[in-house]
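Just below is one structure, and these are the notes that go with it.
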Amino acid sequence: MVSFFDYAIEILPEMLSGAWVTLQLSVVCITVGIFFGMILGVARVYSSKFIYWIVTAYVEFLRGTPCLLQLFFIYYGLGDMGLLLKPILAAGIALGINTSVYQAEYFRGAIQSIKPGQMVAARSMGLSKWKSIRYVILPQALRLVIPSSSNEIIYMFKYTSVAFAVGVPELLAQADLTGAMNFRYFESYVVAAIIYTIMVFAVAKIMSTIEKKVTIPGLQLAQ
Amino acid sequence: MEILRILISELPQFAKGTLVALEVLAGLLIVGLVLGLAIALAEIFGNTLIKFLATTLRKFLWAIPQLVLLFLVFYLPFDLNRMLAAIIALGLCSSAFQSQIFRGAILSIQSGQLEAAKAMGLSKPKIIFYIVIPQMIRLSIGPWTNEFSSELKDTSLAYVVGVVEIMRNAKYIIAYTYGNTAAVYLFVGILYFTLTRIGTSFFYRLEERLWVPGFEKRSG
């Protein structure tokens with residue numbers, strides 16, 4: 001037990017540098033995911049039939065394939081065709097795309113749960129379609145989407161660990177590295193698991209705080 | 001089309017990989033189901049200590065990324081078959097999610113039913129087996145289908161500990177056919193997509209089949 005703690009403290013600097021990369025990677029992916037998720041979600045509700053079908057096919061196909069595969073497609077597949085991206089960039093793009101299609105579904109759900117009468121009312125007040133979306137629908141949808149969206153954020157935070165498979169030096173990769181250098185794999189992974197757990201609990205706490213801060217009292221989902 | 005010829009000649013290889021992936025999937029879903037159900041029942045019907053232990057276990061399993069748990073189990077101080085390690089690790093992660101599904105389903109059963117069963121003189125285990133579980137199964141198939149499809153995709157994570165499933169097979173095929181990386185991965189994508197679709201449509205049908213006419217979820 002004592003030797004484990006000594007070892008944990010010895011490898012802590014490397015692990016924390018990995019945790020820092022994990023944090024940066026997830027901030028990028030999650031931001032990209034929410035931004036594109038919102039656009040895709042709006043497109044699935046309010047766009048023309050043609051765009052609707054394209055967006056739906058895109059979202060459904062990506063939701064039906066593993067994240068690891070998308071990452072390999074972007075890193076190895078595009079690399080093979082001459083577009084070689086840096087591992088961290090490939091991971092950011094792949095994970096961002098992956099999380100954006102899940103976010104899109106949550107945004108779609110939130111937008112559709114707002115009573116259609118609101119859109120009709122906004123249009124009859126003379127607002128353009130875009131302005132009705134921007135000023136009437138989205139401010140409500142963004143609040144309604146937070147519980148499901150924050151689940152996806154936490155999920156994606158944990159899922160950044162797949163970036164290890166293309167050699168991004170994030171927390172899991174650092175655990176692998178220190179494990180290999182000292183031949184103490186199991187203990188390295190225990191340290192990684194502890195750091196991940198602390199970070200995930202912290203992210204969950206932050207999300208629930210945000211959720212409480214932005215709720216509008218009395219606003220509920222349409223039943 | 002050179003690539004089509006390669007893909008067709010490699011179909012048996014993909015089929016083997018798919019079978020392995022399905023084995024991992026079946027194994028991890030069973031591990032997750034048994035442990036998830038145990039956690040859910042413990043959290044609802046257990047005494048204070050059991051409740052606390054079950055909740056703590058669920059929270060930790062929920063917070064640890066699948067890959068980390070996968071490596072932890074793989075590098076346990078005793079030797080474990082790769083496949084078994086993948087099944088146990090992914091199953092443990094799945095149990096945290098499945099327990100939430102079962103817990104939600106059980107809590108949506110009207111409490112009057114439990115009181116009525118108690119008043120009829122049924123013991124606690126009998127209430128669980130004859131009243132709670134039959135309804136819980138029907139109520140949880142829907143959300144469970146989501147978990148099924150996300151775990152089907154997560155079987156690809158077993159790749160990292162060297163289980164020769166679909167992704168690992170794809171990698172081999174790319175290596176010995178020199179290149180075609182993007183095309184092979186695109187094909188693998190279509191394969192996963194098809195598997196997910198077949199699986200979910202099966203469970204949708206099962207849900208309809210098992211539904212008791214007139215039996216409704218408590219709304220709101």
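Residue numbers start from 1 in every chain, and the chains themselves are labelled A, B, ... in the order their sequence lines are given, proteins ahead of strands.
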Which atoms of Ile190(B) approach chain A - backbone, side chain, both or neither, heavy atom under 4.5 Å: both
Strictly below 4.0 Å, N to O, side chains only: are Arg138(B) and Glu207(B) in salt-bridge contact? no
Honestly, the part of Val160(B) sitting under 4.5 Å from a heavy atom of chain A is side chain
Give, as side chain, backbone, both or neither, the part of Leu69(A) having an atom under 4.5 angstrom from any heavy atom of chain B. both
Counting only heavy atoms closer than 4.5 Å, note whether Leu69(B) contacts chain A via side chain, backbone, both or neither. neither
Under 6.0 Å between ring centres: does that hold for Phe71(B) and Phe164(A)? yes
Side chain, backbone, both or neither of Val203(A) within contact of chain B (heavy atoms, under 4.5 Å): neither
Carboxylate-amine/guanidinium proximity below 4.0 Å for Lys171(B) and Glu165(B): no
Glu60(A) versus chain B, the contacting section by heavy-atom distance below 4.5 Å: both
Heavy-atom distance under 4.5 Å to chain A: side chain of Ser149(B), backbone, both or neither? neither
Per-residue contact mode, Thr181(B) against chain A (heavy atom under 4.5 angstrom): both
Side-chain donor-acceptor contact under 3.5 Å, Asp176(A) with Tyr185(A): no
Looking at Phe74(B), Tyr159(B), Phe60(B), which has the largest count of heavy-atom pairs under 4.5 Å with chain A? Tyr159(B)
With a 4.5 angstrom heavy-atom cut-off, is it the side chain or the backbone of Tyr155(A) that approaches chain B, or both, or neither? side chain
Is it the case that over 12 heavy atoms from other parts of the model lie below 6.0 angstrom from the CZ atom of Phe50(A)? no
Would you check if the distance from the ring center of Phe148(B) to the ring center of Phe203(B) is below 6.0 Å? yes
Using non-hydrogen atoms and a 4.5 Å limit, figure out which bit of Phe201(A) sits close to chain B: side chain, backbone, both or neither. side chain
Relative to chain B, which segment of Ile154(A) carries a heavy atom at a distance below 4.5 Å: side chain, backbone, both, or neither? side chain
Is Ala175(A) in contact with chain B via its backbone, its side chain, both, or neither, using a 4.5 Å heavy-atom distance? neither
Minimum-distance pair of heavy atoms, taken over all atoms of Tyr75(A) and Leu85(A): CE1-O, 3.4 Å
Tyr102(A), part contacting chain B, at a heavy-atom distance under 4.5 Å: side chain
Flag for Glu14(A)-Thr178(A): side-chain donor and acceptor within less than 3.5 Å: no
Basic-acidic side-chain contact under 4.0 Å: Glu105(A), Arg108(A): yes
